[in-house]
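In what follows, a structure is listed as structure tokens, so that the remarks can point back to it.
Just so you know, these numbers use all the heavy atoms, side chains as well, and skip hydrogens, waters and symmetry mates.
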Amino acid sequence: MEIFQWPHLNLLFSSMLIVVVLAADPYSDALLSFKSEIIDPFHNLDDWLEPNSGNPSGKVHACSWSDVKCDNNSTIVIGLNLSTKKLAGKLPGKQFSVFTELVELNISQNSFSGEIPVEIFNLTNLRSLDISRNNFSGHFQGGVTGLQNLVVLDAFSNSFSGPLPVELSKLEFLKVLNLAGSYFSGPIPSAYGFFKRLEFLHLAGNFITGNIPPELGNLQTVTHMEIGYNSYEGNIPWQLGNMSELQYLDIAGSNLSGSIPNQLSNLTKLQSLFLFRNQLTGLIPWEFSRILALTNLDLSDNFISGPIPESFAELKNLRLLSLMYNEMNGTVPDGIAELPSLDTLFIWNNFFTGSLPRNLGKNSKLRWLDVSINSFIGSIPPHICAGGELFKLIMFSNKFTGNLSPLSNCSSLVRIRLEDNSFSGEIPLTLSQLPDVSYIDLSRNKFTGGIPSDISQASKLQYFNVSNNPELGGVIPEETWSLPLLQNFSASSCNISGNLPPFKSCKSMLAVELQKNNMSGVVPKSVSHCRALEIINLASNQLNGHIPDELASLPALSVVDLSHNNFSGSIPAEFGKSTNLLLLNVSYNDISGAIPSEKVLQSMGRSAYVGNRELCGAPLRSCSASMSIFGSKGTGKLRLVLLLSAGVTLLIAALLFWLVYLRKGNKGQWKMESFIGLPQFTANDVLRSFSSADSMEELPPLSAAVCKAVLPTGITVLVKKIEWEPKRMKVAIEFITQMGNARHRNLIRLLGFCYNNHMAYMLYDYLPNGNLAEKVTMPRDWSTKCRIITGIARGLCFLHHDCNPAISHGDLNSSTIVFDDNFEPRLADFGFKYLIELIKGRSSEAIKDELYMDIYRFGEIILEILTNGRLTNGGEIVQSKPQDVVLREMYSENEATDDSTNSLQDEIKQVVDVALLCTRSRPADRPSMKDALKLLSGLKGQGKQ
């Protein structure tokens, strides 16, 4: 009865109870506090809001929020998954003290930074901790043993440094440990060999050093171990052969030496073994045939010798066999062709001999075969395409013979490279039945029967090369230029006859190379459709008619060689208006009239115009009326008299000069050599530009090794001074002349040099627009980066492959890459280092090493450009990381996020792949610059080249 006598006390009690219940939700409070301390730029946690009404049921309000997991009663938070929310900032720690029952914490794929808060290590019930793909840094904090129930620890791809945390080995329930992709250093702790339940160990892509501890062989429960892309010392411990449950082992890119332990053959459950890019030697253990589960075996990029073991015929599950870039020899065992699962065989760049197994391709669905750069003989195996899935066939640079009949019904092919062999017979490819083929190179063989007439049906074809098949013959098929994606068509030295077919559609065409054939007729005016055309070489044919204005008007044209034909008429004035033209050669034709006066044409040099009797103007003879006497009738005697008189005069002048030269003792004699692009100044003209002195002999040396000078016509040049001993002058001048004749749109021009017996002043184009080192940190869009990278590649490729002998740059770095007015990169100082060494008496045999070093530095330049200057000299750094880590960094640097188009990420990967190839540690493993440029071809970001 009394309770009803005090109703106000009852109401007060009830209100207090509700307040207590509402206040008893520390989880929601902690999460709201957590949210307030981090950065959520995309508002992914916007539904984390304070409750608008009470919660008398005692349930946790946060259980209704996204990414929060609670128990069945919604009274305890047991899981928090904030993966891929694009969160950032420093991860707060104090709030975690509330989550004593938390079982799962996933904050992966965000942008958290700083150190891991130690409060996380107090979550004693935590079973899974995923902090991967963030930017956590510093040493891995102590106290991790507090996570006594932890099963999964994933810290992949962060920026941790310092030693690997030893105390992790005390977590007795740990099954997954992933510390890959950071900057951990020092050795792997031997204690890591004593995990009791570990199944997955990933330590790849750090800065780990020292020997691999043999104690890892004690890990009897591990099925997957990746510890590669580090810098170990010594050999592979034989004790790893005791890891009886191992299915996946990757120790690639780790500086390991010695032979492969036979004991690894005890890993009978092993499915994938990756030991590529080390320094392993010796033979492949024949005992590997015991690993019957083996699916992927990659031992490439080592120093392994000897043959492929015959016993490999037992590996019935083998799909990938990669032995490329080694020193192996012998023949390919016939048993390899009997493997029913084999789809990829890479054995290129070895010393293999003999024929390929006759049944190769018959018993499996072979997809990718690369046997290039060996000494194979014989023919293409007849069943190579039997599986119906072969899409890449790479066999170049061997001694193969026979015909291509095995490829006649190979409709799956995408890429065919058979160049540099001795294949013969007709080309049996039915291109209309190759719907996906994009690349065909059959050059440097002995094919006959002409180019396949249905080439126009290969709608995806981008590259076609049949050059240097002297007996090929035939004509250019009528619809060739209509291929929508065709960029390069090369058929030089093929004995092709007939006319050039009309250029009905050639919107993608970049290069047409048809020199040294027997073609006749005219150049069709429809060439005007080829707006992207950069190179056209029709030299040494029997073409006639006028050079069409439509050709001269193409905006991207840079190289035009029409020499050794029967062209007539005048040189189209439109050539002189071109901003991209680097080379025009019309020598040895019947061209007449005056050479247009534009500077770009007069800078080509005499060799571009000789052999045209009625052509005149600079740099040939003057077109003045006084010269007409030599072309009129009835003046033969007068012409003879004048020529004799001129000859006598020249002889007397030469004798007088020689006498004066001898009396002078040739001391202080200055001479001038000009190349294309520099008016014919005298040495005196040039030297007076350096100094106000009146006498050449009183000329003081330049105040610095490099300076600017203004020549008499107002041309500003960059001047480099070099000195030599008289006995080294001849060899130096020969090399300088070679440098001066090197002309490419991505090279700084050497305009000339002024010299005497003791020194020379080299005159270069002066470009005041700065160099890459000054501009690399400026944000650039992907298109601009592509244009810079491919421009550098084109310049280097020209030096290495189009100069004879090859010229090494010798000092390629961001400071020697300068920009012209169109922000086109140009290589400065090419060959200069070699010139200095040549003057010192260095052997020319060392040029090969310099070419390799150019390629390495090019790879590093790519990385510097992609990272906006963050990575300088970054070759070793990227080689020490897994490729997926490198790619993720590059995607981030170039704003290729998950929301970006796949094509952008594909192009970034394409460029990164080239950088990784070019920065391989072993010089012989790097691609040539020609191959590097091919790998960069097709980038949509290149823009107009």
Side-chain angles (χ1 to χ4, degrees), residues 252 271-277 294-301 308 312 315-326 328 332-333 335-350 352 355-374 376 379-398 400 404 406-421 423 429 434-442 458 460-463 883 906 909-910 913-914 916-917 925 927 931 934-935 937-938:
Q271 297 175 11
S272 296
L273 176 60
F274 299 107
L275 301 177
F276 58 88
R277 205 183 304 167
L294 198 61
T295 302
N296 302 298
L297 178 60
D298 192 339
L299 307 178
S300 60
D301 201 357
I308 300 174
F312 273 22
L315 300 175
K316 303 300 183 182
N317 292 301
L318 196 64
R319 293 182 57 191
L320 165 69
L321 178 59
S322 180
L323 306 174
M324 63 186 187
Y325 273 121
N326 276 291
M328 299 184 68
V332 178
I336 295 296
E338 307 301 321
L339 298 177
S341 301
L342 189 68
D343 63 27
T344 304
L345 179 60
F346 294 158
I347 55 176
W348 53 291
N349 208 345
N350 279 284
F352 290 116
S355 300
L356 293 176
R358 178 175 176 79
N359 289 333
L360 189 62
K362 182 178 182 179
N363 300 297
S364 69
K365 293 185 177 181
L366 197 63
R367 300 185 71 246
W368 192 340
L369 176 66
D370 193 337
V371 300
S372 55
I373 316 178
N374 281 285
F376 285 115
S379 57
I380 297 175
H383 309 290
I384 196 72
C385 295
E389 296 187 8
L390 186 67
F391 76 101
K392 289 190 179 182
L393 179 62
I394 318 293
M395 304 176 71
F396 65 86
S397 296
N398 279 284
F400 287 113
L404 304 188
L407 307 183
S408 57
N409 295 310
C410 206
S411 60
S412 57
L413 281 171
V414 172
R415 194 174 183 90
I416 307 170
R417 293 194 61 183
L418 306 179
E419 69 266 29
D420 193 18
N421 280 287
F423 288 114
L429 300 177
L434 295 176
D436 297 314
V437 70
S438 64
Y439 192 106
I440 300 176
D441 194 336
L442 308 178
K460 295 184 180 179
L461 190 62
Q462 299 178 29
Y463 182 96
Q883 187 171 353
D906 288 345
K909 182 180 185 301
Q910 185 178 348
D913 285 346
V914 174
L916 291 172
L917 287 171
D925 294 347
D931 287 338
K934 284 182 181 178
L935 291 171
S937 65

Exercise for the section: Mind checking the OG-CG spacing from Ser300 to Leu320? Nearest 0.5 Å is all I need. Expected result: 8.5 Å
Completion exercise
Contacts of Asn349 meeting side chain to side chain donor-acceptor pair (under 3.5 Å) (sequence neighbours excluded), chain-then-number -> none
Completion exercise
Here the gap from Leu323 atom CG to Leu345 atom CG, rounded to the nearest 0.5 Å, amounts to 7.5 Å
Completion exercise
Those residues at least two apart in sequence (or on a different chain) that pass ring pair (Phe, Tyr, Trp, His ring centres under 6.0 Å) with Tyr439 are Tyr463
Practice task
Would you check if Val371 and Val332 make a side-chain contact, meaning some heavy-atom pair closer than 4.5 Å?
Solution key: no
Problem - Residues which pass side-chain contact (heavy atoms from CB on, under 4.5 Å) with Ala386, listed by chain and number, not counting sequence neighbours - result: His383
Handout entry: Any donor-acceptor pair under 3.5 Å from Asn421 side chain to Phe423 backbone
Key = no
Exercise for the section: Keeping the roles fixed (side chain from Asp436, backbone from Ser438), state whether a donor-acceptor pair exists under 3.5 Å. Expected result: no
Exercise for the section: Report yes if the side chains of Leu429 and Val437 come closer than 4.5 Å at any heavy-atom pair, otherwise no. Expected result: no
Practice task
Using modelled atom types only, decide if a donor and an acceptor are shared between the side chain of Asn398 and the backbone of Phe376 within a distance under 3.5 Å.
Solution key: yes
Fill in the blank from the handout: Between the CG atom in Leu916 and the CZ atom in Arg277, the distance rounded to the nearest 0.5 Å is 6.5 Å
Problem - Test: Asp343 and Lys365 ion pair at under 4.0 Å - result: no
Practice task
Output all residues satisfying side chain to side chain donor-acceptor pair (under 3.5 Å) with Gln271, sequence neighbours left out; order by chain, then residue number.
Solution key: none
Fill in the blank from the handout: Sequence neighbours excluded, the answer for ring pair (Phe, Tyr, Trp, His ring centres under 6.0 Å) partners of Tyr325 is Trp348
Problem - side chain to side chain contact (heavy atoms under 4.5 Å, CB included) between Ile373 and Phe396, worked out - result: CA-CA 6 Å; Ile373 316 178; Phe396 65 86; 3.7 Å; yes
Practice task
Looking only at non-hydrogen atoms, find the nearest pair between Leu299 and Asn326 and report the distance.
Solution key: O-ND2, 3.1 Å
Practice task
Applying side chain to side chain contact (heavy atoms under 4.5 Å, CB included), run through Ser322 and Thr344 and close with a yes or a no.
Solution key: CA-CA 8 Å; Ser322 180; Thr344 304; over 6 Å; no
Completion exercise
On a heavy-atom basis, the closest approach of Pro406 and Pro381 is CB-O, 3.6 Å
Exercise for the section: First locate atom CG of Leu360, then atom CG of Leu342, and finally report the distance between them rounded to the nearest 0.5 Å. Expected result: 7.0 Å
Practice task
Output yes when a side-chain donor or acceptor of Ser341 lies under 3.5 Å from a complementary backbone atom of Lys316, and no otherwise.
Solution key: yes
Problem - Shortest non-hydrogen contact from Asn374 toward Phe352 - result: OD1-N, 3.0 Å
Problem - Validation row: Leu339, Asn363 side chains within 4.5 angstrom (heavy atoms) - result: no
Problem - Leu294 and Asn317, any side-chain heavy atoms less than 4.5 Å apart - result: no
Handout entry: Pairwise distance CG(Asn359) to CD1(Ile384) - rounded to 0.5 angstrom
Key = 10.5 Å
Handout entry: Partners meeting ring pair (Phe, Tyr, Trp, His ring centres under 6.0 Å) with Phe346 (sequence neighbours left out)
Key = Trp368
Handout entry: Check: Lys392 main-chain N/O paired with Asp370 side-chain donor or acceptor under 3.5 Å
Key = no
Problem - Polar side-chain atom of Asp441 near backbone of Glu419 as donor-acceptor pair, under 3.5 Å - result: no
Handout entry: Reported CG-to-CD1 distance for the pair Leu356 and Ile380, which is rounded to 0.5 angstrom
Key = 9.0 Å
Exercise for the section: Decide yes or no for Leu442 and Leu404: does some side-chain heavy atom of the first lie under 4.5 Å from some side-chain heavy atom of the second? Expected result: yes
Problem - Considering all heavy atoms, the nearest Leu935-Gln910 contact - result: O-NE2, 2.7 Å
Fill in the blank from the handout: Tightest non-hydrogen contact, residues Ser397 and Asp420, listed as OG-OD2, 3.0 Å
Exercise for the section: Kindly give the heavy-atom pair with the smallest separation between Asn296 and Leu318, and that separation in Å. Expected result: N-CD1, 4.2 Å
Practice task
Would you mind reporting whether Ile308 and Met328 have side-chain heavy atoms less than 4.5 Å apart?
Solution key: yes
Handout entry: Arg417 CZ: over 12 foreign heavy atoms closer than 6.0 Å
Key = yes
Problem - Sidechain-backbone polar pair: Asp298 side chain, Phe276 backbone, donor-acceptor under 3.5 Å - result: no
Handout entry: Backbone of Asp301 reached by a side-chain donor or acceptor of Asp925 within 3.5 Å
Key = no
